[in-house]
Amino acid sequence: MFSNFEKNLLHLPDAGTYNFYIIIIFLILITISVQKKTENSFFDVSQTIQVKGLAIFFVVLAHFWENIFDQTPPLILSRYSVSLFFILSGYAHGLLCETGRFDYKGFIQKKIFRIFIPYWICTILFLVLDYYLLDRTHSMHDIFLTSSGINIHRGQTHLDRTRWFISLLLLWYFVFCSSRHFCPKKISLILYMVAFLLIVMRYLQIWHLGNVHETLAFPVGYTIAQNRSWISKVFMNTSIRQKGIHCLILVSFCVGILCIKITGLDNYFLFESLEKIFKLMVLSYGLLIGLSINSILNYQSKVLFFMGQISYELYILHFPFLYRYNPLKPSLIQDHAVIMFYVLLMILIVFSLVLKTLCPADRGS
């Protein structure tokens, strides 16, 4: 009834060409759905939602190639798309510090409704489907941990390999709330200290969640929020000299990445980490440049905005339905990869809309 690609991956020659067609179609959809905005400001809610929409598309696309086919195209951006989610989350929590009194009870209640209830529904759904479709059961130990948002055990990857994101996100929520309560003036410092500790623990193979750029993304997003006014002035400056400086900084990070790659220094953890940091800087700087251009042009894409609104639901739903209980026949996917990707995406969007309807976020506001 459903296709399973855990052991038998499909072969598709020249996957890069098909991937290029998929991206071009998506860019066309974005373009034709563009409209003028009535209100606009740098890094506003509308822009962050659209960035989420772009990020979730590339996450789903990357997992489509990585878990259904035996070869992946060169343009796979899932890791950096996940980093975007962390940047935006850090940015949102940085803005919370600009308000007066922080409502911890309301914060926790909102996270339960926004994060955990959809997450628990998906967990139950995947456990049921595993049992009835794959005759597979999971230990109570793994079920308890994953239900608590702790996805660090190897056996939990059999349920969903993308849940590490939720665990790392919840860790940042905990660090943010704790530092907000005990050291409200040193939140940024604490975030970077925790990130550094996690990177060291990863090097010592004690901690396995998130790469270097994914670990640092939340503190970077928080830093952007704390310096929002200054960053807005810098990036909204339309002078040619200022834009030239931005391009020069962006190119310098790219050159640093290239030098580390060419010299083979990325085989050493220190330089590999430096390369990941440079990539995070390119991602963050590119994001700010893109948002500044968007603010000047004052446009919004309905497609990106729509996908951004269901990005969380799409994230926690998509992975098992791609590789473990895929609703499409393997022959259809292999012969019509481009069309079938969009068919799968539409199916996942429908599921995500149902899940969002069942768990409206405003119930936890």
Side-chain angles (χ1 to χ4, degrees), residues 1-34 49-85 122 125-126 129 133-134 157 159-163 165 301-356:
M1 182 178 178
F2 293 93
S3 301
N4 187 291
F5 299 101
E6 290 177 291
K7 294 181 179 179
N8 300 313
L9 298 175
L10 302 179
H11 178 68
L12 185 66
D14 198 16
T17 302
Y18 291 99
N19 187 60
F20 176 75
Y21 291 149
I22 290 173
I23 294 174
I24 288 298
I25 291 173
F26 188 63
L27 291 177
I28 292 172
L29 292 174
I30 292 173
T31 303
I32 63 177
S33 68
V34 163
I49 291 175
Q50 289 181 82
V51 173
K52 287 180 182 179
L54 186 65
I56 193 60
F57 171 80
F58 280 107
V59 167
V60 176
L61 178 59
H63 290 157
F64 173 75
W65 290 114
E66 292 173 347
N67 299 281
I68 296 179
F69 298 95
D70 60 2
Q71 61 174 309
T72 57
L75 190 60
I76 293 293
L77 303 172
S78 61
R79 283 289 181 180
Y80 304 102
S81 298
V82 172
S83 295
L84 274 176
F85 285 123
C122 288
L125 175 64
F126 297 154
L129 290 175
L133 297 180
L134 304 177
T157 60
L159 186 67
D160 186 350
R161 296 177 197 168
T162 62
R163 292 188 163 214
F165 167 80
S301 168
K302 290 182 179 179
V303 169
L304 288 181
F305 191 82
F306 169 72
M307 290 193 65
Q309 289 180 309
I310 58 170
S311 58
Y312 176 68
E313 290 78 12
L314 199 51
Y315 183 88
I316 60 176
L317 270 171
H318 81 279
F319 197 79
F321 283 104
L322 286 179
Y323 89 110
R324 207 158 66 236
Y325 7 86
N326 194 304
L328 303 179
K329 292 182 178 180
S331 57
L332 276 175
I333 299 175
Q334 195 168 23
D335 296 339
H336 311 283
V338 176
I339 298 173
M340 290 303 104
F341 168 78
Y342 280 102
V343 171
L344 281 169
L345 184 60
M346 290 304 299
I347 293 172
L348 290 168
I349 285 173
V350 171
F351 289 168
S352 300
L353 286 171
V354 172
L355 184 60
K356 192 173 184 66

Do you know the tightest heavy-atom contact between [X] and [Y]?
X: Q334; Y: L12; answer: O-CD1, 3.4 Å
X: N19; Y: L61; answer: OD1-CD2, 3.3 Å
X: N4; Y: R324; answer: ND2-O, 3.0 Å
X: I56; Y: S311; answer: CD1-O, 3.6 Å
X: L322; Y: V60; answer: CD1-O, 3.9 Å
X: P13; Y: Y18; answer: O-CE1, 3.7 Å

If you count heavy atoms of other groups shown closer than 6.0 angstrom to [atom1] of [X], is the number above 12?
X: N8; atom1: CG; answer: no
X: Y325; atom1: OH; answer: yes
X: F5; atom1: CZ; answer: yes

Looking at side-chain heavy atoms only, is the closest gap between [X] and [Y] below 4.5 Å?
X: F306; Y: L353; answer: yes
X: L29; Y: I32; answer: yes
X: L344; Y: P327; answer: yes
X: F319; Y: R161; answer: yes
X: I68; Y: F341; answer: no
X: V59; Y: F85; answer: yes

Looking at [X] and [Y], would you say the former's side chain and the latter's main chain have a donor-acceptor pair under 3.5 Å?
X: S33; Y: V303; result: yes
X: Y315; Y: T162; result: yes
X: H336; Y: I333; result: no
X: T72; Y: W65; result: no

Stepwise, does the side-chain contact (heavy atoms from CB on, under 4.5 Å) test hold for E6 with L134?
-> CA-CA 11 Å; E6 290 177 291; L134 304 177; 4.2 Å; yes
Could you point out which residue of Y342, Y21, F57 forms a ring pair (Phe, Tyr, Trp, His ring centres under 6.0 Å) with F26?
->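 With F26 as partner, Y342, Y21, F57 yield a single ring pair (Phe, Tyr, Trp, His ring centres under 6.0 Å), made by F57.
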Once rounded to the nearest 0.5 Å, what's the spacing between atom [atom1] of [X] and atom [atom2] of [Y]?
X: L348; Y: L355; atom1: CG; atom2: CG; value: 12.0 Å
X: Q309; Y: Q50; atom1: CD; atom2: CD; value: 10.0 Å
X: I24; Y: T31; atom1: CD1; atom2: OG1; value: 9.5 Å
X: M340; Y: L332; atom1: CE; atom2: CG; value: 5.5 Å
X: S301; Y: I30; atom1: OG; atom2: CD1; value: 5.5 Å
X: F351; Y: C122; atom1: CZ; atom2: SG; value: 11.0 Å

Under the side-chain contact (heavy atoms from CB on, under 4.5 Å) criterion, do M307 and K52 qualify, and how do the steps go?
-> CA-CA 7 Å; M307 290 193 65; K52 287 180 182 179; over 6 Å; no
Please report the C-alpha distance between L125 and F321 in whole Å, then the side-chain angles of each, then the deciding distance to 0.1 Å, and finally whether the side-chain contact (heavy atoms from CB on, under 4.5 Å) criterion is met.
-> CA-CA 11 Å; L125 175 64; F321 283 104; 4.1 Å; yes
Which word best sums up how the rings of F69 and F64 line up, parallel for under 30°, tilted for 30 to 60°, or perpendicular for over 60°?
-> perpendicular
Between F58 and L84, does a side-chain contact (heavy atoms from CB on, under 4.5 Å) hold up when you go through it step by step?
-> CA-CA 11 Å; F58 280 107; L84 274 176; over 6 Å; no
